[in-house]
A.B. asks: 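Questions regarding the structure given below will be posed in turn.
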Amino acid sequence: MFSSQLSVRKIAKATGIHKDTAFFWRHKILHALTQTSNPELNGIVEADETYFALSYKGKNRNLPRPPHKRGKSIRKRGISKEQVCVLTAVDRSKSILLESTCLGRPTIKQVKNVLGPHIARDAILVTDMHNAYPRFAQEQGLTHHALPHRTSSNDSIHLQNINSLHGQVKRFMRPFNGVATKYLDNYMTFFQFSGEDVTEALTQRTESVTCKELTDRQMTLR
């Protein structure tokens, strides 16, 4: 049930609980998984950004801007502060990192904060030409390949896996019809664990954290 992309209303009907309870349980589980996820990226690591419209879905008061009409979530062309950047990375063993980072293009500091703890020092980093990546790679001592127009003369150095990952994430998110930005990281975790047994994943990744501690852990949503 968790791994499916059923709406909260359908989950509530199938389980006999209130829809608000279904929503809360979904995000409590997702937040717990987010807290225990610590991917390690090795070998050839492809990194890039993908973007989602900034959304205050569910918030009706004190909005920092006029509410958007359905289908009009982004007013500016190109990458802007109306879009949430999700930094993504994937290695050839399919270990992946997905984390919402900022509005608009990420800075070198933001790239370092997100990618730095997860990429092995002997990894080969492959990115596009965004200027934050060369500086990040230099500071981390990584071998770096910046590909213009996402092409390369070396068959092993490419961005095909990260491009495919972005397509999969976008397709995964469509049935939810847009999610509030404060829940975006939870849905990135949802994507990562959607094919796994969640009980087993929680057990394996929490190690010394007891079930009661995991249940009682306060959910903080950014």
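Computed from a prediction, not measured in an experiment: that's the story for all the values here.
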A.B. asks: If only side-chain N and O atoms count, and only distance matters, is there a donor-acceptor pair under 3.5 Å linking Asp185 with Ser100?
C.D. replies: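 Yes - a donor-acceptor pair under 3.5 Å links their side chains.
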A.B. asks: Between Lys112 and Arg135, is any pair of side-chain heavy atoms under 4.5 Å apart?
C.D. replies: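 Heavy-atom side-chain distance check fails, nothing below 4.5 Å.
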A.B. asks: Look up atom CG in Leu98 and atom CD in Gln192, then write down how far apart they are to the nearest 0.5 Å.
C.D. replies: 5.0 Å
A.B. asks: Applying the 4.5 Å side-chain criterion to the ILVMFWY set and letting contacts propagate, would Phe176 and Leu54 be lumped into a single cluster?
C.D. replies: yes
A.B. asks: Rounded to the nearest 0.5 Å, how far does CG of Asp48 lie from NE2 of His130?
C.D. replies: 9.5 Å
A.B. asks: Just wondering, do Glu40 and Ser95 contact through their side chains at under 4.5 Å, heavy atoms?
C.D. replies: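 A side-chain contact is absent here, since even the closest heavy-atom pair is not under 4.5 Å.
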A.B. asks: Quick one: closest heavy-atom pair of Asp91 and Leu41, and the distance?
C.D. replies: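 For Asp91 versus Leu41, the nearest heavy atoms are OD2-CA, 3.4 Å.
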A.B. asks: Please answer: with hydrophobic residues joined when any side-chain heavy atoms are less than 4.5 Å apart, are Val126 and Leu165 in the same cluster?
C.D. replies: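 Yes, one cluster joins them.
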A.B. asks: Let me confirm one number: the CE-CZ distance from Met173 to Phe52, rounded to the nearest 0.5 Å.
C.D. replies: 5.0 Å
A.B. asks: Is it true that Val90 and Ile157 fall in one hydrophobic cluster, defined by side-chain heavy atoms closer than 4.5 Å?
C.D. replies: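 Yes, one cluster joins them.
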A.B. asks: Crowded around Lys109 NZ? As in, over 12 foreign heavy atoms under 6.0 Å?
C.D. replies: no
A.B. asks: Is Val86 reachable from Leu30 through a run of hydrophobic residues whose side-chain heavy atoms are each under 4.5 Å from the next?
C.D. replies: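 Yes, Leu30 connects to Val86 through the hydrophobic network.
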A.B. asks: If you count every heavy atom of other residues, nucleotides or ligands that lies below 6.0 Å from Glu139 atom CD, does the total exceed 12?
C.D. replies: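 Yes, CD of Glu139 has more than 12 neighbouring heavy atoms, counting only those of other groups under 6.0 Å.
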A.B. asks: Would Tyr51 and Arg105 satisfy side chain to side chain contact (heavy atoms under 4.5 Å, CB included), going step by step from the backbone distance to the final call?
C.D. replies: CA-CA 9 Å; Tyr51 292 86; Arg105 295 282 187 185; 3.6 Å; yes
A.B. asks: When rounded to the nearest 0.5 angstrom, what is the spacing between CG in Asn161 and NE2 in His166?
C.D. replies: 11.0 Å
A.B. asks: Between Phe136 and Ile108, what is the shortest heavy-atom contact and its length?
C.D. replies: N-CD1, 3.0 Å
A.B. asks: Looking at Val84 and Leu103, what are the two nearest heavy atoms and their distance?
C.D. replies: CG2-CD2, 3.8 Å
A.B. asks: How about Gln168 and Ser164: does a side-chain donor come under 3.5 Å of a side-chain acceptor?
C.D. replies: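 Ser164 and Gln168 do have a side-chain donor-acceptor pair below 3.5 Å.
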A.B. asks: Give, for atom OG1 of Thr50 and atom NZ of Lys170, the distance between the pair rounded to the nearest 0.5 Å.
C.D. replies: 3.5 Å
A.B. asks: Answer with yes or no after comparing the ring centroid distance for His27 and Tyr183 against a 6.0 Å cut-off, counting only values under it.
C.D. replies: yes
A.B. asks: As a quick check of understanding, evaluate side chain to side chain contact (heavy atoms under 4.5 Å, CB included) for Glu46 and His158, giving each step before the final call.
C.D. replies: CA-CA 8 Å; Glu46 302 170 36; His158 56 73; 3.6 Å; yes
A.B. asks: Do you know which two heavy atoms are closest between Gln110 and Leu87, and how far apart they sit?
C.D. replies: O-CD1, 4.0 Å
A.B. asks: For a quick test of reading the model, state the closest non-hydrogen atom pair linking Leu159 to Ala47 and the distance between them.
C.D. replies: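 For Leu159 and Ala47, the tightest heavy-atom pair comes out as CD2-O, 4.4 Å.
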A.B. asks: Return the minimal non-hydrogen interatomic distance between Asn42 and Ala120, and the atom names on each side.
C.D. replies: OD1-CB, 3.2 Å
A.B. asks: For Asn38 and His118, run side chain to side chain contact (heavy atoms under 4.5 Å, CB included): C-alpha distance rounded to whole Å, both residues' side-chain angles, the deciding distance at 0.1 Å, then the answer.
C.D. replies: CA-CA 7 Å; Asn38 186 29; His118 301 284; 3.2 Å; yes
A.B. asks: Kindly compute the distance separating OG1 (Thr127) from NE2 (His145), expressed to the nearest 0.5 Å.
C.D. replies: 10.0 Å
A.B. asks: Passes side chain to side chain contact (heavy atoms under 4.5 Å, CB included), Thr101 versus Asn113? Steps please.
C.D. replies: CA-CA 9 Å; Thr101 306; Asn113 288 343; over 6 Å; no
A.B. asks: Find out whether Leu184 and Val179 are in side-chain contact, i.e. whether some heavy atom of one side chain is under 4.5 Å from a heavy atom of the other.
C.D. replies: yes
A.B. asks: Using ring centroids (six-membered ring only for Trp), state whether Phe190 and Phe172 fall under 6.0 Å.
C.D. replies: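 Yes - the distance between ring centres of Phe172 and Phe190 falls below the 6.0 Å cut-off.
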A.B. asks: Are Ile162 and Val45 connected into the same hydrophobic cluster when the rule is that any two of I, L, V, M, F, W, Y join if their side-chain heavy atoms are below 4.5 Å apart?
C.D. replies: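 Not linked; separate clusters.
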